[in-house]
Protein chains: 2
Amino acid sequence: MLSKKTRYSILAMVKLAKEYNKGPVLISSISETELIPKKFLESILLELKRNGFVNSKKGKGGGYYLIKSPDQINLADMLRLFEGAIALLPCAAYKYYESCGHCKDEQTCGIRSVIKEIRDETVRMMKGFSLADIINRENDLLKNK
Amino acid sequence: MLSKKTRYSILAMVKLAKEYNKGPVLISSISETELIPKKFLESILLELKRNGFVNSKKGKGGGYYLIKSPDQINLADMLRLFEGAIALLPCAAYKYYESCGHCKDEQTCGIRSVIKEIRDETVRMMKGFSLADIINRENDLLKNK
DNA sequence: TAATAGTCTACTTAATCGATAGATTTAATA
DNA sequence: TATTAAATCTATCGATTAAGTAGACTATTA
(Lines give C-alpha, C1' and ligand atoms only; values in the text may rest on other atoms or scores of the structure.)
Protein backbone atom coordinates (compact mmCIF):
# COMPACT_ATOMS: atom_id res chain seq x y z
CA MET A 1 0.00 0.00 0.00
CA LEU A 2 1.28 3.46 -0.84
CA SER A 3 2.20 5.87 1.96
CA LYS A 4 0.14 9.01 2.49
CA LYS A 5 3.07 11.03 1.26
CA THR A 6 2.99 9.23 -2.07
CA ARG A 7 -0.79 9.44 -2.32
CA TYR A 8 -0.73 13.14 -1.58
CA SER A 9 2.00 13.72 -4.12
CA ILE A 10 -0.04 11.97 -6.81
CA LEU A 11 -3.14 13.99 -5.93
CA ALA A 12 -1.11 17.19 -6.03
CA MET A 13 0.55 16.33 -9.33
CA VAL A 14 -2.76 15.48 -10.98
CA LYS A 15 -4.14 18.77 -9.73
CA LEU A 16 -1.14 20.66 -11.13
CA ALA A 17 -1.54 18.75 -14.39
CA LYS A 18 -5.12 19.98 -14.66
CA GLU A 19 -3.83 23.55 -14.25
CA TYR A 20 -0.89 23.07 -16.59
CA ASN A 21 0.02 26.27 -18.43
CA LYS A 22 -2.44 28.30 -16.38
CA GLY A 23 0.13 29.85 -14.05
CA PRO A 24 1.22 28.94 -10.51
CA VAL A 25 -1.19 27.18 -8.15
CA LEU A 26 -1.28 28.06 -4.44
CA ILE A 27 -0.33 25.43 -1.87
CA SER A 28 -3.45 26.38 0.06
CA SER A 29 -5.58 25.86 -3.03
CA ILE A 30 -4.25 22.34 -3.53
CA SER A 31 -4.53 21.70 0.19
CA GLU A 32 -8.21 22.67 0.17
CA THR A 33 -9.46 20.97 -2.96
CA GLU A 34 -7.50 17.75 -2.38
CA LEU A 35 -8.02 17.65 1.38
CA ILE A 36 -4.34 17.43 2.24
CA PRO A 37 -2.92 18.96 5.48
CA LYS A 38 -1.25 22.17 4.33
CA LYS A 39 2.02 21.93 6.23
CA PHE A 40 2.48 18.35 5.16
CA LEU A 41 1.75 19.28 1.56
CA GLU A 42 4.37 22.03 1.72
CA SER A 43 7.08 19.51 2.50
CA ILE A 44 5.89 17.20 -0.26
CA LEU A 45 5.88 19.94 -2.89
CA LEU A 46 9.33 20.99 -1.78
CA GLU A 47 10.58 17.47 -2.33
CA LEU A 48 8.88 17.31 -5.72
CA LYS A 49 10.67 20.51 -6.58
CA ARG A 50 14.07 19.27 -5.45
CA ASN A 51 13.54 16.25 -7.69
CA GLY A 52 12.69 18.19 -10.79
CA PHE A 53 8.97 17.46 -11.07
CA VAL A 54 7.68 20.95 -10.31
CA ASN A 55 8.89 24.50 -9.94
CA SER A 56 7.66 27.35 -7.78
CA LYS A 57 7.38 31.11 -7.64
CA LYS A 58 7.61 33.00 -4.38
CA GLY A 59 5.71 36.09 -3.32
CA LYS A 60 2.37 37.45 -4.43
CA GLY A 61 0.96 35.60 -7.41
CA GLY A 62 3.31 32.74 -6.66
CA GLY A 63 2.66 29.05 -6.26
CA TYR A 64 3.63 25.73 -7.80
CA TYR A 65 3.48 24.49 -11.37
CA LEU A 66 4.54 21.45 -13.39
CA ILE A 67 7.83 21.67 -15.23
CA LYS A 68 7.23 18.90 -17.76
CA SER A 69 4.05 18.37 -19.73
CA PRO A 70 1.53 15.98 -18.10
CA ASP A 71 2.15 13.29 -20.71
CA GLN A 72 5.86 13.26 -19.84
CA ILE A 73 5.39 12.29 -16.18
CA ASN A 74 4.39 8.71 -15.38
CA LEU A 75 3.39 6.72 -12.31
CA ALA A 76 6.67 4.81 -12.11
CA ASP A 77 8.66 8.04 -11.76
CA MET A 78 6.37 9.41 -9.09
CA LEU A 79 6.25 6.21 -7.03
CA ARG A 80 10.00 5.78 -7.05
CA LEU A 81 10.47 9.19 -5.46
CA PHE A 82 8.60 8.48 -2.24
CA GLU A 83 8.39 4.68 -2.18
CA GLY A 84 11.82 3.77 -3.47
CA ALA A 85 12.06 0.51 -5.38
CA ILE A 86 9.03 -0.82 -7.21
CA ALA A 87 10.20 -4.43 -6.89
CA LEU A 88 8.92 -6.44 -3.94
CA LEU A 89 12.41 -7.61 -3.03
CA PRO A 90 15.64 -5.60 -3.04
CA CYS A 91 17.41 -8.30 -5.05
CA ALA A 92 14.82 -7.92 -7.83
CA ALA A 93 15.15 -4.13 -8.12
CA TYR A 94 17.17 -2.32 -10.77
CA LYS A 95 17.46 1.24 -9.51
CA TYR A 96 17.56 0.26 -5.84
CA TYR A 97 19.27 -3.13 -6.05
CA GLU A 98 20.53 -4.78 -2.88
CA SER A 99 21.38 -8.39 -2.07
CA CYS A 100 18.69 -10.16 -0.04
CA GLY A 101 21.30 -11.90 2.06
CA HIS A 102 19.45 -15.21 2.18
CA CYS A 103 19.97 -17.32 -0.90
CA LYS A 104 23.26 -18.97 -1.81
CA ASP A 105 23.09 -18.09 -5.49
CA GLU A 106 21.06 -15.16 -6.69
CA GLN A 107 21.25 -16.28 -10.32
CA THR A 108 19.36 -19.47 -9.59
CA CYS A 109 17.02 -18.22 -6.85
CA GLY A 110 13.44 -19.14 -7.77
CA ILE A 111 11.87 -16.53 -5.53
CA ARG A 112 13.94 -13.73 -7.04
CA SER A 113 13.18 -14.94 -10.53
CA VAL A 114 9.40 -14.80 -10.16
CA ILE A 115 9.51 -11.52 -8.22
CA LYS A 116 11.56 -10.04 -11.04
CA GLU A 117 8.95 -11.13 -13.53
CA ILE A 118 6.27 -9.38 -11.49
CA ARG A 119 8.44 -6.31 -11.17
CA ASP A 120 9.07 -6.06 -14.91
CA GLU A 121 5.38 -6.19 -15.71
CA THR A 122 4.51 -3.72 -12.94
CA VAL A 123 7.06 -1.19 -14.14
CA ARG A 124 5.84 -1.62 -17.72
CA MET A 125 2.28 -0.85 -16.62
CA MET A 126 3.26 2.09 -14.44
CA LYS A 127 5.34 3.65 -17.17
CA GLY A 128 2.28 3.40 -19.37
CA PHE A 129 0.24 5.68 -17.12
CA SER A 130 1.05 9.39 -17.33
CA LEU A 131 -0.66 12.29 -15.58
CA ALA A 132 -2.35 13.04 -18.89
CA ASP A 133 -3.66 9.46 -19.04
CA ILE A 134 -5.15 9.77 -15.57
CA ILE A 135 -6.95 12.98 -16.52
CA ASN A 136 -8.20 11.46 -19.77
CA ARG A 137 -9.39 8.41 -17.88
CA GLU A 138 -11.35 10.68 -15.55
CA ASN A 139 -12.98 12.47 -18.48
CA ASP A 140 -13.92 9.18 -20.12
CA LEU A 141 -15.49 7.90 -16.91
CA LEU A 142 -17.50 11.11 -16.56
CA LYS A 143 -18.71 10.87 -20.14
CA ASN A 144 -19.91 7.29 -19.87
CA LYS A 145 -21.82 7.96 -16.69
CA MET B 1 8.94 -3.53 -0.75
CA LEU B 2 7.93 -6.57 1.27
CA SER B 3 8.51 -6.59 5.03
CA LYS B 4 11.04 -8.99 6.51
CA LYS B 5 8.19 -10.92 8.03
CA THR B 6 6.73 -11.57 4.60
CA ARG B 7 10.11 -12.40 3.10
CA TYR B 8 10.88 -14.82 5.89
CA SER B 9 7.48 -16.46 5.54
CA ILE B 10 8.06 -17.02 1.81
CA LEU B 11 11.51 -18.46 2.46
CA ALA B 12 10.08 -20.76 5.14
CA MET B 13 7.18 -21.87 2.95
CA VAL B 14 9.44 -22.66 0.01
CA LYS B 15 11.66 -24.64 2.35
CA LEU B 16 8.66 -26.59 3.68
CA ALA B 17 7.50 -27.14 0.11
CA LYS B 18 10.83 -28.73 -0.71
CA GLU B 19 10.34 -31.09 2.24
CA TYR B 20 6.69 -31.76 1.46
CA ASN B 21 5.62 -35.27 2.47
CA LYS B 22 8.93 -35.94 4.16
CA GLY B 23 7.71 -35.39 7.72
CA PRO B 24 7.95 -32.36 10.05
CA VAL B 25 10.80 -29.86 9.69
CA LEU B 26 12.42 -28.29 12.77
CA ILE B 27 12.15 -24.55 13.34
CA SER B 28 15.87 -24.52 14.03
CA SER B 29 16.56 -26.29 10.75
CA ILE B 30 14.63 -23.66 8.78
CA SER B 31 16.23 -20.93 10.85
CA GLU B 32 19.71 -22.18 10.01
CA THR B 33 19.41 -22.96 6.31
CA GLU B 34 17.38 -19.82 5.52
CA LEU B 35 19.30 -17.51 7.88
CA ILE B 36 16.23 -16.32 9.77
CA PRO B 37 16.41 -15.36 13.49
CA LYS B 38 14.89 -18.34 15.29
CA LYS B 39 12.60 -16.54 17.72
CA PHE B 40 11.27 -14.34 14.96
CA LEU B 41 10.69 -17.36 12.76
CA GLU B 42 8.74 -19.05 15.57
CA SER B 43 6.20 -16.25 15.61
CA ILE B 44 5.91 -16.30 11.83
CA LEU B 45 5.30 -20.06 11.67
CA LEU B 46 2.73 -19.72 14.41
CA GLU B 47 0.86 -17.15 12.35
CA LEU B 48 1.11 -19.33 9.26
CA LYS B 49 -0.39 -22.13 11.31
CA ARG B 50 -3.24 -20.01 12.64
CA ASN B 51 -4.05 -19.11 9.05
CA GLY B 52 -4.18 -22.63 7.75
CA PHE B 53 -1.00 -22.72 5.69
CA VAL B 54 0.97 -25.14 7.84
CA ASN B 55 0.54 -27.52 10.74
CA SER B 56 2.90 -28.61 13.50
CA LYS B 57 3.78 -31.49 15.73
CA LYS B 58 5.13 -30.98 19.23
CA GLY B 59 7.74 -33.02 21.08
CA LYS B 60 10.52 -35.20 19.81
CA GLY B 61 10.34 -35.77 16.07
CA GLY B 62 8.10 -32.74 15.81
CA GLY B 63 8.28 -29.66 13.61
CA TYR B 64 6.31 -27.87 10.91
CA TYR B 65 4.91 -29.12 7.63
CA LEU B 66 2.72 -27.84 4.80
CA ILE B 67 -0.95 -28.68 4.92
CA LYS B 68 -1.76 -28.15 1.25
CA SER B 69 0.31 -29.37 -1.66
CA PRO B 70 2.87 -26.82 -2.97
CA ASP B 71 0.91 -26.26 -6.16
CA GLN B 72 -2.13 -25.19 -4.15
CA ILE B 73 -0.44 -22.25 -2.39
CA ASN B 74 0.27 -19.11 -4.41
CA LEU B 75 2.07 -15.82 -3.88
CA ALA B 76 -1.13 -13.76 -3.63
CA ASP B 77 -2.35 -15.81 -0.66
CA MET B 78 0.95 -15.54 1.14
CA LEU B 79 1.40 -11.82 0.58
CA ARG B 80 -2.10 -10.98 1.73
CA LEU B 81 -1.44 -12.62 5.10
CA PHE B 82 1.40 -10.34 6.18
CA GLU B 83 1.08 -7.38 3.82
CA GLY B 84 -2.68 -6.97 3.69
CA ALA B 85 -4.08 -5.53 0.47
CA ILE B 86 -2.20 -6.05 -2.77
CA ALA B 87 -3.65 -2.87 -4.30
CA LEU B 88 -1.60 0.32 -3.98
CA LEU B 89 -4.60 2.28 -2.74
CA PRO B 90 -7.29 1.17 -0.29
CA CYS B 91 -10.04 2.30 -2.65
CA ALA B 92 -8.69 -0.05 -5.34
CA ALA B 93 -8.60 -3.13 -3.08
CA TYR B 94 -11.18 -5.90 -3.06
CA LYS B 95 -10.50 -7.88 0.10
CA TYR B 96 -9.32 -4.85 2.08
CA TYR B 97 -11.42 -2.07 0.53
CA GLU B 98 -11.57 1.33 2.21
CA SER B 99 -12.51 4.75 0.88
CA CYS B 100 -9.53 6.97 0.16
CA GLY B 101 -11.34 10.01 1.57
CA HIS B 102 -10.05 12.40 -1.07
CA CYS B 103 -12.00 12.24 -4.30
CA LYS B 104 -15.57 13.43 -4.66
CA ASP B 105 -16.72 10.48 -6.75
CA GLU B 106 -14.92 7.18 -6.58
CA GLN B 107 -16.65 5.87 -9.70
CA THR B 108 -15.07 8.54 -11.88
CA CYS B 109 -11.71 8.89 -10.11
CA GLY B 110 -8.94 8.55 -12.69
CA ILE B 111 -6.28 7.65 -10.13
CA ARG B 112 -8.37 4.84 -8.67
CA SER B 113 -9.18 3.54 -12.12
CA VAL B 114 -5.57 3.12 -13.22
CA ILE B 115 -4.48 1.77 -9.84
CA LYS B 116 -7.25 -0.83 -10.10
CA GLU B 117 -5.97 -1.86 -13.49
CA ILE B 118 -2.50 -2.36 -12.03
CA ARG B 119 -3.94 -4.24 -9.10
CA ASP B 120 -5.91 -6.64 -11.30
CA GLU B 121 -2.87 -7.54 -13.34
CA THR B 122 -0.67 -7.89 -10.25
CA VAL B 123 -3.11 -10.25 -8.56
CA ARG B 124 -3.42 -12.26 -11.76
CA MET B 125 0.35 -12.68 -11.91
CA MET B 126 0.71 -13.51 -8.23
CA LYS B 127 -2.01 -16.12 -8.36
CA GLY B 128 -0.09 -17.69 -11.21
CA PHE B 129 2.95 -18.36 -9.05
CA SER B 130 2.66 -21.28 -6.62
CA LEU B 131 5.31 -22.70 -4.30
CA ALA B 132 5.69 -25.53 -6.80
CA ASP B 133 6.32 -23.01 -9.58
CA ILE B 134 9.04 -21.34 -7.56
CA ILE B 135 10.78 -24.66 -6.96
CA ASN B 136 10.46 -25.65 -10.64
CA ARG B 137 11.84 -22.28 -11.63
CA GLU B 138 14.84 -22.88 -9.41
CA ASN B 139 15.47 -26.29 -10.96
CA ASP B 140 15.21 -24.85 -14.47
CA LEU B 141 17.69 -22.11 -13.63
CA LEU B 142 20.12 -24.66 -12.22
CA LYS B 143 19.82 -26.86 -15.31
CA ASN B 144 20.52 -24.02 -17.76
CA LYS B 145 23.59 -22.87 -15.89
C1' DT C 1 10.15 -39.34 33.41
C1' DA C 2 13.63 -36.95 30.87
C1' DA C 3 14.39 -34.71 26.80
C1' DT C 4 12.59 -32.44 22.96
C1' DA C 5 10.15 -29.09 20.49
C1' DG C 6 6.41 -26.04 19.75
C1' DT C 7 3.40 -22.18 22.30
C1' DC C 8 2.39 -18.14 24.86
C1' DT C 9 2.99 -13.61 27.14
C1' DA C 10 5.40 -9.75 27.51
C1' DC C 11 8.84 -6.76 26.49
C1' DT C 12 12.27 -3.63 24.07
C1' DT C 13 14.48 -0.80 20.81
C1' DA C 14 14.85 1.71 16.67
C1' DA C 15 12.98 3.49 12.75
C1' DT C 16 9.47 5.50 10.14
C1' DC C 17 5.13 7.98 9.32
C1' DG C 18 2.31 11.75 9.56
C1' DA C 19 2.13 16.10 10.99
C1' DT C 20 2.90 20.86 13.12
C1' DA C 21 5.17 25.40 14.71
C1' DG C 22 7.48 29.30 13.90
C1' DA C 23 10.90 32.11 11.87
C1' DT C 24 12.79 33.55 7.33
C1' DT C 25 13.27 34.76 2.56
C1' DT C 26 11.55 36.32 -1.79
C1' DA C 27 8.68 38.83 -4.93
C1' DA C 28 4.85 41.76 -6.44
C1' DT C 29 2.30 45.88 -5.96
C1' DA C 30 0.20 49.93 -4.01
C1' DT D 1 9.60 51.91 -0.06
C1' DA D 2 6.32 49.66 2.91
C1' DT D 3 3.08 46.09 2.84
C1' DT D 4 1.51 41.84 1.92
C1' DA D 5 1.48 37.34 0.00
C1' DA D 6 3.83 33.20 -0.78
C1' DA D 7 7.17 29.79 -0.60
C1' DT D 8 11.24 28.00 2.30
C1' DC D 9 13.86 26.37 6.15
C1' DT D 10 14.74 24.39 10.69
C1' DA D 11 13.24 21.82 14.18
C1' DT D 12 10.52 19.03 16.60
C1' DC D 13 6.86 15.76 18.08
C1' DG D 14 3.81 11.83 19.06
C1' DA D 15 2.09 7.57 17.49
C1' DT D 16 2.69 3.56 15.24
C1' DT D 17 5.00 -0.26 13.33
C1' DA D 18 8.90 -3.36 12.42
C1' DA D 19 12.13 -6.36 14.05
C1' DG D 20 13.65 -8.97 17.41
C1' DT D 21 14.41 -11.06 22.36
C1' DA D 22 13.50 -13.38 26.95
C1' DG D 23 11.68 -16.69 29.50
C1' DA D 24 8.15 -19.50 31.32
C1' DC D 25 4.82 -23.08 29.80
C1' DT D 26 2.72 -27.12 27.43
C1' DA D 27 2.57 -31.17 24.83
C1' DT D 28 4.76 -35.32 22.95
C1' DT D 29 7.37 -39.35 22.75
C1' DA D 30 11.14 -42.44 23.45
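All values below come from the heavy atoms of this structure, side chains included, with hydrogens, waters and symmetry mates left out. Quick note on labels: first sequence line is chain A, next is B, and so on, each numbered from 1. Everything numeric here is computed off the predicted structure, so don't read it as measured data.
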Carboxylate-amine/guanidinium contact B:K5 B:E47, below 4.0 Å: yes
Mark up nucleotides 17-30 of chain C, 5' to 3', with B wherever a protein heavy atom is under 4.0 angstrom from a base atom, S wherever such an atom reaches only the sugar-phosphate, and - elsewhere. -SSBBB--BBBS--
Are B:K145 and A:D105 within salt-bridge range, i.e. N to O under 4.0 Å? yes
Value in whole Å for how far the P atom of D:dA6 lies from CG of A:L45: 15 Å
So, A:T108 side chain and B:E138 main chain: donor-acceptor pair closer than 3.5 Å or not? no
Between the side chains of B:D77 and B:N74, does any donor sit under 3.5 Å from an acceptor? yes
In this structure, how many angstroms lie between the P atom of C:dA5 and the NZ atom of B:K49, rounded? 16 Å
Please say whether more than 12 non-hydrogen atoms of neighbouring residues, nucleotides or ligands are located less than 6.0 Å from CD in B:E106. yes
Is any side-chain N of the basic residue among B:R137 and A:E117 closer than 4.0 Å to the acidic one's carboxylate O? yes
Take atom CG of A:L46 and atom C1' of D:dA6, then tell me their distance rounded to the nearest Å. 13 Å
Which heavy atom in A:I135 sits nearest to a heavy atom in A:V14, and how many Å separate them? CD1-O, 4.1 Å
Hey, is the main chain of A:I118 close enough, under 3.5 Å, to the side chain of A:T122 for a donor-acceptor pair? yes
Within residues 17-35 of chain B: residues closer than 4.0 Å to DNA chain D (heavy atoms): none
From CE of B:M1 over to P of D:dA18, roughly how many Å is that when rounded to an integer? 15 Å
Starting from C1' on C:dC8, measure out to CZ on B:R50 and report it in whole angstrom. 9 Å
